[in-house]
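Order of appearance sets the numbers: ligands from 1, and atoms from 1 within every ligand. The figures here come from the full heavy-atom set of this structure, side chains too, leaving out hydrogens, waters and symmetry mates.
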Amino acid sequence: MRVTFYGHACFKVELNNKSIVFDPFIRGNELANNIEVADIKPDYLLLSHAHSDHIADAVEIAKQSNASAYAVYELCMWLNKKGISNFHPMNIGGTAHSENICFTMTPAIHSSSFEDGSYGGVAGGFVVQNETNCFYYAGDTALFSDMSLISSKRELDFAFLPIGDNFTMGVTDAIESAKLLGVNKIIGMHYDTFGYIKINHQEAINQFKTEGIELILLEIGQTIEI
Ligand code: NI
Ligand code: MN
């Protein structure tokens, strides 16, 4: 798999010959002004919840790519109102299959509303799996013990976890999450973008390392093989 970081909680994951983009928030993120929204044309667009730091560029990317958008029902209805017709509504606990990939929607302990305050459905995360790869994208969440159920049925290669604290779990709880998930490789997200979530990178990496877990913090625009 190949992972590209677009800032905040937005990543592109390429597996086999398909690309998946999560939670696009690029134009509104001053740290991500090296990223060109017009260049982002995934096959799949996965949205974890309705907060604007997760969907700000979703409509534009869905329109220019005709990506299939997977999200909770209420978020899909919002996309529909914005003129997007290629969407796949889901809810927590459900798995959707497309070609040889499956997307399972997992719980997240968080809120979810649109910018105008209207209801955005529940917040979630995703497990993405094909015959060779499997990873977990937690979305915005607190630590919850049922993360152990996510790894009880499958072996995860790695996980995207929020580490910025304040709006989501921070480093200490993310380490606990990694243990519940049985993964020793974490890609950090949801840090540094706003004042409330600025973190010390080296300290975070060291804290994970002490527990035998690799924390990967990507530069915005960086691509790695994982
Ligand atoms: Ni949020
Ligand atoms: Mn957020």
Side-chain angles (χ1 to χ4, degrees), residues 3-13 20-33 35 37 40 42 45-62 69-79 82 89-92 103 105-128 135-144 146-147 150 159-174 177-178 186-199 201 204 215-218 220:
V3 174
T4 304
F5 187 36
Y6 293 136
H8 198 51
C10 183
F11 295 86
K12 177 174 72 178
V13 178
I20 302 165
V21 164
F22 293 88
D23 287 12
F25 171 61
I26 295 157
R27 283 200 211 286
N29 179 2
E30 58 187 33
L31 302 181
N33 52 23
I35 305 298
V37 175
I40 302 178
L45 180 62
L46 270 57
L47 305 173
S48 68
H49 66 296
H51 287 157
S52 58
D53 59 319
H54 298 263
I55 62 165
D57 303 301
V59 170
E60 186 173 343
I61 289 171
Y70 286 70
V72 75
Y73 174 82
E74 290 81 356
L75 190 37
C76 284
M77 293 307 107
W78 176 82
L79 289 173
K82 300 277 182 188
M90 300 182 68
N91 216 315
I92 306 297
F103 305 112
M105 204 164 193
T106 56
I109 300 183
H110 195 67
S111 59
S112 182
S113 54
F114 294 101
E115 229 164 3
D116 64 0
S118 62
Y119 179 56
V122 289
F126 292 96
V127 172
V128 176
F135 66 91
Y136 171 49
Y137 177 93
D140 282 8
T141 187
L143 168 65
F144 55 94
D146 283 357
M147 281 181 180
I150 294 172
F160 294 98
L161 296 179
I163 57 169
D165 218 333
N166 193 77
F167 296 115
T168 66
M169 59 188 170
V171 170
T172 310
D173 283 354
S177 298
I186 297 299
I187 297 180
M189 60 180 183
H190 217 275
Y191 61 92
D192 283 358
T193 320
F194 325 111
Y196 293 117
I197 62 173
K198 291 219 190 311
I199 65 159
H201 293 203
L215 174 66
I216 301 166
L217 301 180
L218 297 174
I220 297 174

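- The angle that His49 NE2 and His51 ND1 make at the Ni ion (ligand 1), rounded to 10°, works out to 90°.
- Looking at heavy atoms from C-beta onward, Tyr191 lies out of side-chain contact with Asp165 at the 4.5 angstrom threshold.
- The aromatic rings of His8 and Phe194 stand perpendicular to each other, their planes meeting at an angle above 60°, with 30° marking the opposite boundary.
- With hydrogens and angles left out, the side-chain atoms of Asp23 and Ser48 include a donor and acceptor closer than 3.5 Å.
- Interatomic distance, Asp146 CG to Thr106 OG1, rounded to the nearest 0.5 Å: 11.0 Å.
- Considering Phe126, Tyr6, Phe22, Phe160 in turn, Phe160 is the only one that fulfils the ring pair (Phe, Tyr, Trp, His ring centres under 6.0 Å) rule with Phe11.
- Inspection of the environment of the Mn ion (ligand 2) yields the following protein N, O or S atoms under 2.8 Å: Asp53 OD2, His54 NE2, Asp140 OD2, His190 NE2.
- The Ni ion (ligand 1) has no N, O or S atom of Asp53 closer than 2.8 Å.
- Restricting His110 to its N/O/S atoms, the shortest distance to the Ni ion (ligand 1) is reached by NE2.
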message: Under the criterion side-chain contact (heavy atoms from CB on, under 4.5 Å), I'd like the reasoning laid out for Met189 against Thr168: C-alpha separation, chi angles, the key distance, then a yes or no.
response: CA-CA 10 Å; Met189 60 180 183; Thr168 66; over 6 Å; no
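- The minimum heavy-atom distance between Ile163 and Leu215, with the atom names listed, is CD1-CD2, 4.2 Å.
- Among the atoms of His54, no N, O or S atom falls under 2.8 Å of the Ni ion (ligand 1).
- Of all N/O/S atoms in Asp140, OD2 sits nearest the Ni ion (ligand 1).
- Residues satisfying the side chain to side chain contact (heavy atoms under 4.5 Å, CB included) test with Ala123, not counting sequence neighbours, are His49, Ala108, His110, Ser112.
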